[in-house]
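Inspection log for the structure reproduced underneath, given as structure tokens.
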Amino acid sequence: MPELPEVETVMRGLEPFLTGAIITKAQKNRPNLRIPFPATIEHDLKGRTITHLRRRAKYILIHLKGGDILVIHLGMSGSVSIIEKGQRYNSQTHDHFVLHLKSGVRVVYNDPRRFGMIFMMAEQDYASHKYFVHLGPEPLGNDFSAPILCARLKGKQASIKQALLDQRVVVGVGNIYACEALYRAGISPMKKAGSIKGEKAELLVQAIRDVLKRAIKAGGSTLKDYKHADGSLGYFQHQFTVYGREKEACQRCDCDINKTGGIKRVVQSGRSTFYCPRKQN
DNA sequence: CTCCTGTCCTGCCGGC
DNA sequence: TGCCGGCAGGACAGGA
């Protein structure tokens with residue numbers, strides 16, 4: 001589920017509880033998610049102090065005093081909940097990992113499909129780590145621009161939709177926001193990635209930034225302190241403009257939906273794409 | 001290299 | 001009511 005805005009919102013929700021916290025106990029409730037938990041993770045986290053959190057792509061990086069990083073990826077169905085001091089913890093199916101903090105707070109990772117990942121690495125290995133070394137630019141950072149995007153798309157025969165899902169091109173964009181950004185930019189998802197240039201590229205960069213920023217803002221304003229009543233962090237009901245709206249009227253079209261059929265759904269490399277054939281070409 | 005397919009896993013929804 | 005197929009927002013490995 002989670003793309004950049006959701007991961008960012010989860011991270012912001014964790015920050016006030018985790019920054020400066022001391023881990024008294026780390027508890028894995030099964031041997032693996034998509035990859036095995038490190039065999040010694042419980043031992044390695046015990047007693048550690050968290051200095052700060054940050055996000056890279058769709059990964060949450062929890063920096064520990066002493067130079068290690070605890071990495072969390074939410075996969076498709078991962079979520080994190082905060083159990084505050086004194087609150088009863090009603091454990092749920094698929095609660096796979098729990099951090100107990102000296103403050104009395106517990107941080108619970110739940111993931112039904114187990115496509116998520118939790119692992120550790122030394123800070124010095126971050127840049128060369130196999131999950132991070134190939135990542136493209138952060139879409140909301142300074143090193144994401146039309147020229148940079150064009151350079152990464154150059155010569156690509158795959159569709160622009162597929163290219164936007166490729167984390168080597170730009171990070172954080174998943175199936176939903178790829179659809180939303182292409183709609184906003186007026187670009188057909190089927191267009192060859194390598195053909196996106198000039199003004200089109202400028203529009204696309206701006207559209208990606210806009211949809212992501214707006215979603216983060218919506219998360220922040222919808223969730224009080226990023227937290228639901230049940231302690232879960234980060235996700236909220238979000239209205240998308242094209243995603244999941246097959247056969248609905250396109251907001252930018254004033255044509256007759258009975259004639260046009262409205263928003264279309266197609267499948268590109270196994271993933272649903274939603275778009276308006278009249279406003280995207 | 002690039003591109004495509006298969007794969008991990010559970011939950012949910014619609015159709016019969 | 002229950003069963004079954006299809007689908008789900010990620011991202012890897014492996015093969016063409």
Side-chain angles (χ1 to χ4, degrees), chain A residues 1-11 29-37 55-60 71-80 92-97 109-119 121 129-136 139 151-183 189-196 208 211-212 214-216 218-219 232-247 263 265-275:
Chain A
M1 283 165 76
E3 303 183 30
L4 185 150
E6 291 75 31
V7 177
E8 178 72 23
T9 309
V10 169
M11 189 208 67
N29 295 333
R30 55 170 297 118
N32 62 300
L33 298 173
R34 192 161 78 72
I35 59 174
F37 286 105
R55 179 192 56 73
R56 172 73 172 119
K58 297 171 192 168
Y59 296 88
I60 294 170
V71 183
I72 297 179
H73 193 294
L74 300 170
M76 292 268 247
S77 58
S79 64
V80 178
Q92 307 289 312
T93 312
H94 311 304
D95 282 352
H96 302 312
F97 189 75
Y109 178 91
N110 182 288
D111 186 358
R113 290 177 74 182
R114 306 207 298 273
F115 285 1
M117 289 191 269
I118 295 181
F119 60 94
M121 63 187 174
H129 192 279
K130 69 168 180 171
Y131 291 147
F132 297 94
V133 69
H134 297 297
L135 292 179
R152 295 189 177 245
L153 296 180
K154 194 175 176 185
K156 264 195 183 294
Q157 299 300 303
S159 70
I160 184 62
K161 161 75 187 312
Q162 288 168 277
L164 291 181
L165 297 180
D166 184 341
Q167 302 295 296
R168 292 167 298 186
V169 172
V170 59
V171 303
V173 179
N175 204 38
I176 292 178
Y177 293 105
C179 293
E180 296 290 317
L182 287 167
Y183 174 76
M190 279 78 82
K191 224 169 154 52
K192 267 189 191 179
S195 72
I196 306 296
I208 291 169
V211 295
L212 296 177
R214 286 163 59 100
I216 291 171
S232 61
L233 297 176
Y235 298 173
F236 53 96
Q237 271 320 103
H238 197 302
Q239 286 302 330
F240 302 112
T241 314
V242 280
Y243 187 85
R245 294 187 178 275
E246 185 181 14
K247 294 177 183 160
I263 290 163
R265 173 182 175 271
V266 293
V267 175
Q268 293 179 285
S269 27
R271 319 292 300 277
S272 290
T273 299
F274 298 87
Y275 74 110

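Scope of the values below: all heavy atoms of this structure, side chains included, with no hydrogens, waters or symmetry mates.
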| task | Extract the stems that DNA chain B is part of, considering only consecutive pairing runs of at least three Watson-Crick or G-U wobble pairs, both distances under 3.5 Å. | result | B:2-8 with C:10-16, B:10-16 with C:2-8
| request: Over 60° means perpendicular and under 30° means parallel, so classify the ring planes of H129(A) and Y131(A), tilted if in between. | output: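 Aromatic pair Y131(A)/H129(A) classed tilted.
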| task | Tell me which nucleotide among dG9(C), dA8(C), dC12(C) gets nearest to the side chain of R265(A). | result | dA8(C)
| query | Counting only side-chain N and O atoms of H94(A), is one of them less than 4.0 Å from OP1 or OP2 of dT10(B)? | reply |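 False: H94(A) side-chain N/O out of range (4.0 Å or more) of dT10(B) OP1/OP2.
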| task | Tell me whether the OP1 or OP2 atom of dA11(C) has a side-chain N or O from Y131(A) closer than 4.0 Å. | result | no
To the nearest 0.5 Å, how far apart are [atom1] in [X] and [atom2] in [Y]?
{"X": "Y177(A)", "Y": "L4(A)", "atom1": "OH", "atom2": "CG", "value": "9.0 Å"}
{"X": "F274(A)", "Y": "E180(A)", "atom1": "CZ", "atom2": "CD", "value": "10.0 Å"}
{"X": "Q167(A)", "Y": "Y59(A)", "atom1": "CD", "atom2": "OH", "value": "8.0 Å"}

Can you check the [X] [atom1] to [N] [atom2] distance for me, whole Å?
{"X": "E3(A)", "N": "dA8(C)", "atom1": "CD", "atom2": "P", "value": "13 Å"}
{"X": "M117(A)", "N": "dA13(C)", "atom1": "CE", "atom2": "C1'", "value": "13 Å"}
{"X": "L165(A)", "N": "dC12(C)", "atom1": "CG", "atom2": "C1'", "value": "14 Å"}
{"X": "L4(A)", "N": "dG10(C)", "atom1": "CG", "atom2": "C1'", "value": "14 Å"}
{"X": "R56(A)", "N": "dA11(C)", "atom1": "CZ", "atom2": "P", "value": "12 Å"}
{"X": "Y243(A)", "N": "dG9(C)", "atom1": "OH", "atom2": "C1'", "value": "5 Å"}
{"X": "F274(A)", "N": "dA8(C)", "atom1": "CZ", "atom2": "C1'", "value": "10 Å"}
{"X": "F240(A)", "N": "dG9(C)", "atom1": "CZ", "atom2": "P", "value": "11 Å"}

| Non-hydrogen atoms of M121(A) and V71(A) that approach each other most closely | CE-CG2, 3.8 Å
| request: Quickly, which of K161(A), E3(A), R271(A) forms a side chain to side chain donor-acceptor pair (under 3.5 Å) with N175(A)? Name it, please. | output: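 Answer to the side chain to side chain donor-acceptor pair (under 3.5 Å) test with N175(A) among K161(A), E3(A), R271(A): K161(A).
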| task | Would you mind building the protein contact string for nucleotides 2-8 of chain B? One character per nucleotide, 5' to 3', B for base within reach (heavy atoms under 4.0 Å), S for sugar-phosphate only, - for untouched. | result | -SS---B
| For R55(A), all residues meeting side chain to side chain donor-acceptor pair (under 3.5 Å), sequence neighbours excluded |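 Per chain and number, R55(A) pairs via side chain to side chain donor-acceptor pair (under 3.5 Å) with E8(A), E138(A).
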| field | Check: R34(A)/N32(A) side-chain N/O donor and acceptor closer than 3.5 Å | value | no
| Span that lies between the P atom of dC3(C) and that of dC9(B), in whole angstrom |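 Their P atoms lie roughly 23 Å apart.
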| said: Suppose you measure atom C1' in dC3(B) against the same atom in dG9(C); what distance do you get, rounded to whole Å? | reply: 22 Å
| query | DNA chain C: R271(A) or K130(A), which has the more 5' nearest nucleotide? | reply |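 Its nucleotide being nearer the 5' end, the pick is R271(A).
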| request: Taking E6(A) for its side chain and G234(A) for its backbone only, find out whether a donor-acceptor pair lies under 3.5 Å. | output: no
| request: Remember a base hit wins even if backbone is also touched, and classify Y177(A) as base, sugar-phosphate or nothing at under 4.0 Å, heavy atoms. | output: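 Nothing, no nucleic acid heavy atom in range.
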| message | Tell me whether K156(A) is salt-bridged to D166(A), with the criterion being a basic N under 4.0 Å from an acidic carboxylate O. | response | yes
